[in-house]
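Below: one structure, written as structure tokens.
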Amino acid sequence: MSSAFEKLARPVQKWVRAQGWKELRDVQARAIHAVCGTSDDVIVAASTAGGKTEAAFLPLISQVLQASAEQGGFDLLYIGPLKALITDQARRLDDICQETGLPVTPWHGDVTASVKARALRAPHGILLITPESLEALFVRRGLEIPRLFGATRAVVLDELHSILDSERGVQVRSLLARLERSTGHPIRRIGLSATLGDMALARAYLRADDPEAVHLVKATGGEAELRLQLRGYVSGNQNDAGPSATDAVAEHLFRHLRGSNNLVFAGARQQVEIYADRLRELCETAQLPQEFYPHHANLSREHRDFVERRLKDAGKPTTAVCTSTLELGIDIGDVTCVAQIGAPFSVASLRQRLGRSGRRAGQPAILRQYSIETRLAADSSLADRLRLGLVRAVAMIELLLEGWCEPPRPDALHLSTLVHQVLSVIAGRGGATAAQLYRQLCQDGPFRQVSAPLFLEVLRAIGTSDARLIEQAQNGLLLLGEVGEKLVGHYGFYAVFPTPEEYRLIAGGRDLGSIPLENVLSRGMMLIFSGRRWTVQEVDTVNRAITVTPSQAGVPPLFGGSPGVIHDRVISKMREIFEGDRDPGYMDRPALELLAEARRNYHALGFATSPVVQTGESTFFIATGCGTVKNTTLALALQSFGHEVQEHDGFLEIASAKADLPLAESLDRLASGGAVDLFAGRPNLMFEKFHRYLTEDLLREDALSSRLQAEALPEICGRLHVLN
DNA sequence: GACCTGCTGCGGTTTG
């Protein structure tokens with residue numbers, strides 16, 4: 001074998017031989033060279049099942065075995081975003097570590113207290129943990145952190161792309177900074193990832209102080225051949241006797257997916273329920289065994305485990321109709337085809353989904369995109385006339401083929417998570433000064449966009465007699481306040497993301513899953529859930545439980561949700577598609593007809609010659625050319641001048657009858673940098689878990705750093721000239 | 001016009 005193999009410790013070499021591998025994979029060999037003999041941070045980027053775990057751990061375990069560790073504590077730390085992933089990875093690592101004497105400890109909410117107690121008594125080997133459980137260790141055992149992690153050589157961050165820009169990712173980076181501070185030494189970081197949009201930004205996220213030094217090991221080649229089809233459907237054929245678009249899509253899925261393993265991403269939980277119900281019915285009508293099952297976060301763990309097990313079982317063909325639950329990490333084996341109903345919200349997630357198919361050598365990856373558009377009428381909306389769903393789906397596929405995907409937004413303040421970390425540090429240390437908190441979280445930690453004055457404003461907000469999260473002792477030390485004590489003492493504290501309140505649904509004494517509280521249900525009402533139909537028997541509002549029995553009809557419940565964020569680049573690709581004339585070969589005839597119709601309407605409306613089009617006495621369409629963040633910013637700015645605004649992907653629909661200022665003048669004023677109050681319409685600014693403790697001013701600043709982009713207004717409006 | 005993720009400590013009972 002290669003020189004990389006020679007660098008591994010004996011017991012690890014023995015394990016590699018026992019696998020019967022002829023060669024280490026290229027990405028593994030390069031990762032071994034990058035990890036052994038250096039203390040560099042490393043990102044290993046390879047497709048799902050590309051051997052990333054081994055690439056990182058074979059050399060890391062070897063290093064641990066080759067060094068004489070005198071200090072106690074865990075040798076290696078692994079942070080994973082899912083409990084199921086930790087359980088999977090612990091099993092794989094346990095196998096590698098069989099002959100090394102290194103214990104492997106999985107640690108999350110479902111791991112028994114005895115396993116945790118044993119690991120705490122004699123910390124050693126590899127610890128695999130969730131961000132929340134690590135947070136709990138800091139809060140409950142803050143003083144023991146040096147003892148537990150004093151000898152830790154490296155931390156492996158799995159699914160790095162999934163935590164880069166999220167509140168949870170900020171939490172992880174904060175925990176890593178706190179870990180290095182408590183142990184008094186830097187701990188090398190190894191990130192594992194499949195999809196990364198911008199490597200420079202990913203490096204900065206992994207190690208903000210020294211991104212240039214992060215070593216990148218990226219798998220080359222090995223990409224499966226991609227087979228694509230985009231099918232177009234038109235709904236609302238009142239005059240036709242034919243099936244509805246939903247039925248037509250379900251029938252097509254039934255015909256083409258039956259007999260193999262597949263994933264159907266339906267976009268929303270309600271859609272998952274509708275398609276799963278139709279497909280179950282088609283199986284029953286044809287007297288065939290059931291093989292289509294729904295999978296989303298509101299279904300019971302028991303049902304989801306059943307679907308995941310069936311997907312892994314080669315003997316039973318299974319198609320899961322799902323949301324992004326089946327997008328990440330957990331091993332469900334290879335699937336034949338990935339279907340996507342409606343356009344996805346990001347190219348990154350489309351790429352991640354597609355990575356589930358075509359993983360075996362010689363097998364292509366197959367993507368079936370279904371786009372449903374509404375039949376046009378005289379009063380059809382701009383979105384329908386321009387076929388925005390279909391054009392966005394084409395734009396996403398084109399960007400996927402170009403290899404592009406969305407980078408994270410680097411300048412967000414993340415004030416909600418900052419509040420969480422302030423409470424956590426105070427709890428873990430039993431008190432802290434404002435200066436200590438600022439240094440630890442904002443200077444050395446991930447909240448570098450937060451200035452000292454802004455940080456003090458946050459501390460003041462959570463220290464008021466209303467908020468009572470923190471209070472100051474005589475000597476200046478900050479302590480938990482009455483509300484803070486209660487918050488931190490409850491086990492719900494550790495996660496940084498909010499969770500909605502829900503009813504549990506129970507049938508025959510078994511848990512079916514849960515639905516949001518906003519569903520108003522009473523005895524006798526019928527619903528579709530878990531792909532089947534039910535009648536409500538009893539609503540227990542005290543225990544938040546609804547009992548149901550099987551029925552013949554029903555409608556899916558409401559699951560709520562908030563609008564997705566589309567990147568600027570997707571909108572400019574959509575414009576290229578409107579203004580171009582190329583017909584992609586992967587589109588079927590109805591889809592091409594819809595595309596031709598979209599282009600005809602785009603030109604007929606006049607967008608090819610002017611981005612602002614007058615459609616009535618005081619009504620306008622604007623092609624802003626911007627993604628959701630800038631589009632929403634412009635919408636709020638125009639609303640502040642009294643215009644009524646409706647948002648679409650890359651477009652705004654304006655009614656100016658009641659405006660204080662004509663549209664042209666409004667745009668001119670914004671183009672020249674004139675003052676504007678984006679919050680005049682009092683938009684909802686509380687969307688993160690700890691936002692409720694912040695002042696209106698802080699909420700606005702937080703929104704401006706993440707959801708809006710006020711400084712872009714002059715540039716956006718400078719491009720928009722109204723033709724008179 | 002959306003999706004997903006996570007959870008401690010203690011008291012009581014049973015078992016060796």
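So that the names make sense, note that chain A is the first sequence line, chain B the second, and so on, each numbered from 1.
Take A:Arg173 and apply the salt bridge (charged side-chain N to carboxylate O under 4.0 Å, His left out) test, not counting sequence neighbours, and it matches no residue. Here A:Glu308 pairs with A:Arg301 under the salt bridge (charged side-chain N to carboxylate O under 4.0 Å, His left out) rule; sequence neighbours left out.
A heavy-atom distance below 4.5 Å is found between the side chains of A:Arg385 and A:Phe621.
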Worksheet item: Step by step, would you call A:Gln340 with A:Arg353 a side-chain hydrogen bond (donor to acceptor under 3.5 Å, both in side chains)?
Response: CA-CA 9 Å; A:Gln340 169 74 40; A:Arg353 291 170 183 188; 2.9 Å; yes
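In this structure, A:Leu558 atom CG and B:dG1 atom P are separated by 12 Å, rounded to whole Å. B:dA2 atom P lies 12 Å from atom CD1 of A:Ile566, rounded to whole Å. Rounded to an integer number of Å, the gap from A:Leu85 CG to B:dC4 P is 17 Å. Spacing between atom CD1 of A:Ile274 and atom P of B:dA2 amounts to 12 Å, rounded to whole angstrom units. A straight line from CG of A:Asp384 to P of B:dG1 spans 10 Å, rounded to a whole angstrom. When the P atom of B:dC4 is taken as reference, atom NE2 of A:His295 falls 10 Å away, rounded to whole Å. Rounded to whole angstrom, the span from the CZ atom of A:Phe687 across to the P atom of B:dG1 amounts to 20 Å. Remark: P of B:dC3 and CG of A:Leu350 are 17 Å apart, rounded to the nearest angstrom.
Taking 4.0 angstrom as the limit, A:Ser562 places none of its side-chain polar atoms (N or O) nearer than this to OP1 or OP2 of B:dA2. In terms of phosphate contacts, A:Arg269 brings a side-chain nitrogen or oxygen within less than 4.0 Å of OP1 or OP2 of B:dC3.
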Item to complete: Determine, for nucleotides 5-10 of chain B in 5'-to-3' order, which nucleotides have protein heavy atoms under 4.0 Å from the base (write B), from only the sugar-phosphate (write S), or from neither (write -).
Response: BBBBS-
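Atom-to-atom distance recorded for A:Arg147:CZ and A:Ser182:OG is 14.0 Å, nearest 0.5 angstrom. With rounding to the nearest 0.5 angstrom, the CZ atom of A:Arg692 is 11.5 Å from the OG atom of A:Ser416. A distance of 8.0 Å separates CZ of A:Arg392 from CD1 of A:Ile571, quoted to the nearest 0.5 Å.
The salt bridge (charged side-chain N to carboxylate O under 4.0 Å, His left out) contacts involving residues 126-141 of chain A comprise A:Glu132-A:Arg168, A:Glu135-A:Arg178, A:Arg141-A:Glu144, where partners must be two or more places apart or lie in separate chains.
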Where do N or O atoms of nucleotides 14-16 of chain B meet protein N or O atoms at under 3.5 Å, pair by pair?
none

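Across all strands shown, A:Arg392 has heavy atoms under 4.0 Å from base atoms, whether or not it also approaches the sugar-phosphate. If you check every strand for non-hydrogen atoms under 4.0 Å, A:Leu137 touches nothing.
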Exercise answer: donor-acceptor pairs, residues 630-639 of chain A side-chain atoms, under 3.5 Å, sequence neighbours excluded:
unit_1: A:Lys630; atom_1: NZ; unit_2: A:Asp568; atom_2: OD2; d: 2.9
unit_1: A:Asn631; atom_1: OD1; unit_2: A:Thr624; atom_2: OG1; d: 2.5
unit_1: A:Asn631; atom_1: ND2; unit_2: A:His648; atom_2: O; d: 2.9
unit_1: A:Asn631; atom_1: ND2; unit_2: A:Phe651; atom_2: O; d: 3.3
unit_1: A:Thr632; atom_1: OG1; unit_2: A:Thr628; atom_2: O; d: 2.7
unit_1: A:Thr632; atom_1: OG1; unit_2: A:Glu647; atom_2: OE1; d: 2.9
unit_1: A:Thr633; atom_1: OG1; unit_2: A:Val629; atom_2: O; d: 2.7
unit_1: A:Thr633; atom_1: OG1; unit_2: A:Gln709; atom_2: N; d: 2.9

